[in-house]
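Below, chains carry the letters A, B, ... as their sequence lines are ordered, and counting in each starts from 1.
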Amino acid sequence: MLDIQSLRTNLPFVAERLALRGVTLDTAAFEALEAERKRLQVHTQDLQARRNTLSKQIGMLKGKGEDASAVMTEVAGLGDALKVGEAALAELMPRFDAFLELIPNLPHESVPVGKDETGNVEVLRWGTPRAIAAPRDHVDLGTALGGLDFEAGVKISGARFTVMKGRIARLHRALTQFMLDLHTLTQFMLDLHTGEHGYTEVYTPYLVNPESMFGTGQLPKFEEDLFMVPRSDGGKLYLIPTAEVPVTNLVRGEILAGDSLPLKFVAHTPCFRSEAGSYGKDTRGMIRQHQFDKVELVQMVRPDQSWEALEQLTGHAEAVLQKLELPYRKVALCTGDMGFSAAKTYDLEVWLPAQNTYREISSCSNFESFQARRMQARFRNEKNKPELLHTLNGSGLAVGRTLVAVLENYQNEDGSITVPAVLRPWMGGAEKISAA
RNA sequence: GGAGGGGUGGCAGAGUGGUCGAAUGUACCUGACUCGAAAUCAGGCGAUGUCGCAAGGCAUCCGUGGGUUCGAAUCCCACCCCCUCCGCCA
């Protein structure tokens with residue numbers, strides 16, 4: 001959510017920045033709402049003030065045992081006007097809030113201007129794709145190895161669900177879990193992030209309430225992208241589309257001590273996305289699923305440190321790719337391609353030989369105070385006053401897509417997969433995965 | 001699921017219809033004392049919104065939402081959450 005003051009005092013600027021995102025701010029509608037709000041609020045609060053003053057007089061008169069009937073008659077005359085004013089305000093304010101809540105964040109000045117993904121700017125390339133003659137994709141490779149079963153996923157749940165088996169499942173676990181078994185790759189990811197990067201591991205609920213979804217910006221605008229679980233009492237829970245939601249909401253409604261920042265969390269969770277509106281996209285393979293695992297990095301920082309933190313956090317995600325020796329590129333999303341809540345986003349795209357292109361495997365964003373304002377997440381600043389903190393997050397990494405990248409980049413001519421050296425401790429020392 | 005208890009400021013904890021945004025303690029800030037610190041003493045210290053050039057004023061907030069009343073932290077209704085015990089359960 002944007003700062004309402006910025007709209008009041010600098011509406012043309014806000015509209016101009018939003019226009020870069022392809023969003024047209026209805027400034028006339030805002031000004032009308034604001035004028036109405038001001039008129040009603042001043043009027044109603046004035047009536048409330050008079051009522052309060054007179055009521056206090058009644059209390060004082062009665063305390064002294066004097067007659068208060070004249071004052072009581074006077075205050076009774078305020079009743080109707082007050083009720084009308086309060087009712088009008090109660091009707092207006094939700095409309096006012098709804099208007100604000102649907103406005104996306106303003107892009108940071110360093111964000112390249114563009115209208116869609118073609119406007120994104122490559123910041124760097126790391127690694128050189130290995131020359132692979134006639135590369136096979138992860139579907140062929142995984143199916144041939146008996147480790148990916150797309151038909152089973154369809155039978156059990158439907159399109160965009162996959163079953164993993166055997167050593168591929170273990171490879172995925174190696175890429176995902178920390179302490180479930182003796183050695184896993186997510187343990188490697190989590191070890192890297194908790195050990196070398198200073199993050200605290202958290203385990204969170206996978207079902208969250210609407211307030212949490214509002215806090216990070218998924219609601220109210222993007223409900224169709226979520227899986228909703230109705231409760232017997234009429235309430236709702238949502239399956240998390242990313243660990244960003246439960247982890248960031250850890251600080252919702254809190255006023256943190258200034259010296260507790262920055263907070264850095266890492267969480268491994270499944271992620272659930274309905275993928276509404278992407279019916280024809282990436283229908284083959286594991287690229288776009290309703291359920292996938294992700295290791296997520298989240299930071300809460302002081303406002304003056306969030307831009308440094310974004311570079312740092314992105315570097316942490318890059319380190320995973322570098323240790324896996326997967327070629328990737330780092331892209332600064334342009335104004336027209338950024339998500340609703342982000343002020344700036346870097347995507348990391350990993351090389352996929354079978355697609356002969358780079359595909360998104362991580363998205364790292366600084367939300368500045370946009371989420372914090374929705375969540376009322378604050379810290380005590382130098383003046384001991386509550387101040388909104390800044391939030392950031394990034395995938396470190398999406399595990400399913402990392403598995404795809406490992407299968408495709410480490411494939412051998414005979415269809416076997418070389419296990420990346422850094423993963424072998426979590427694969428029982430295995431150097432290769434081959435058929436039977 | 002059953003029975004009981006409870007949700008008040010950063011924390012602890014008073015307050016059961018009126019001068020209560022709320023005693024007190026603690027934390028924190030400022031000052032005094034000190035070479036400095038601790039201790040002690042004095043003063044200050046909630047949040048949000050809003051009006052105003054400013055000084056400052058006003059409104060709202062005592063789990064949430066309704067209601068009663070001239071007036072609600074306090075009374076009524078519903079809901080949420082926490083704690084204790086019993087039952088059930090991985």
Whether the [X] and [Y] side chains hold a donor-acceptor pair (N or O, under 3.5 Å, no angle test) is what I'd like checked.
X        : Y        : value
A:His268 : A:Tyr203 : no
A:Ser274 : A:Asp225 : no
A:Asn209 : A:Ser212 : yes
A:Glu275 : A:Gln289 : no
A:Ser365 : A:Thr345 : yes
A:Thr242 : A:Lys294 : yes
A:Glu223 : A:Gln218 : no
A:Asn105 : A:Ser341 : no
A:Glu408 : A:His138 : yes
A:Glu244 : A:Gln371 : yes

When you compare [N] with [M], how far apart are their [atom1] atoms, in angstrom units rounded to a whole number?
N     : M     : atom1 : result
B:G46 : B:A22 : P     : 9 Å
B:C80 : B:C29 : P     : 42 Å
B:C62 : B:C51 : C1'   : 26 Å
B:A12 : B:G66 : C1'   : 32 Å
B:G87 : B:C75 : P     : 35 Å
B:G7  : B:G15 : C1'   : 15 Å
B:U48 : B:G36 : C1'   : 42 Å
B:G21 : B:C61 : C1'   : 9 Å

State whether the number of non-hydrogen atoms from other residues, nucleotides or ligands found under 6.0 Å of A:Arg50 atom CZ is greater than 12.
-> no
Any chance NZ of A:Lys221 has more than 12 other-residue heavy atoms, nucleotides or ligands included, within less than 6.0 Å?
-> yes
Starting at the 5' end of RNA chain B and moving along, which residue's nearest nucleotide shows up first, A:Lys83 or A:Arg8?
-> A:Arg8
The residue, A:Val75 or A:Gly59, whose nearest nucleotide of RNA chain B is more 5′ is A:Gly59
With both distances under 3.5 angstrom, what nucleotide forms a Watson-Crick or G-U wobble pair with [N]?
N     : value
B:U40 : B:A32
B:A23 : none
B:U74 : none
B:A47 : B:U60
B:A14 : none
B:G1  : B:C86

For RNA chain B, note the earliest and the latest nucleotide, 5' to 3', having some atom under 4.0 Å of a heavy atom belonging to chain A.
->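 Span of nucleotides near chain A: B:G10 to B:G71.
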Quick one, which residues of residues 30-42 of chain A touch RNA chain B with a heavy atom under 4.0 Å?
->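 Per residue number, the list reads A:Arg37, A:Lys38, A:Gln41, A:Val42.
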Mind listing the residues from residues 85-98 of chain A sitting with a heavy atom below 4.0 Å of RNA chain B? Number order is fine.
->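 Per residue number, the list is empty: none.
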Examine A:Arg401 relative to A:Phe292 and say whether NZ or CZ is less than 6.0 Å from the centre of the six-membered ring and inside a 45° cone about the ring axis.
-> no
So what does A:Asn52 touch, heavy atoms closer than 4.0 Å: a base, only the sugar-phosphate, or nothing?
->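 Sugar-phosphate contact only.
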May I ask you to say what A:Leu54 touches in the nucleic acid, namely base, sugar-phosphate or nothing, with a heavy-atom cut-off under 4.0 Å?
->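 The answer is nothing, as A:Leu54 stays clear of every strand by at least 4.0 Å.
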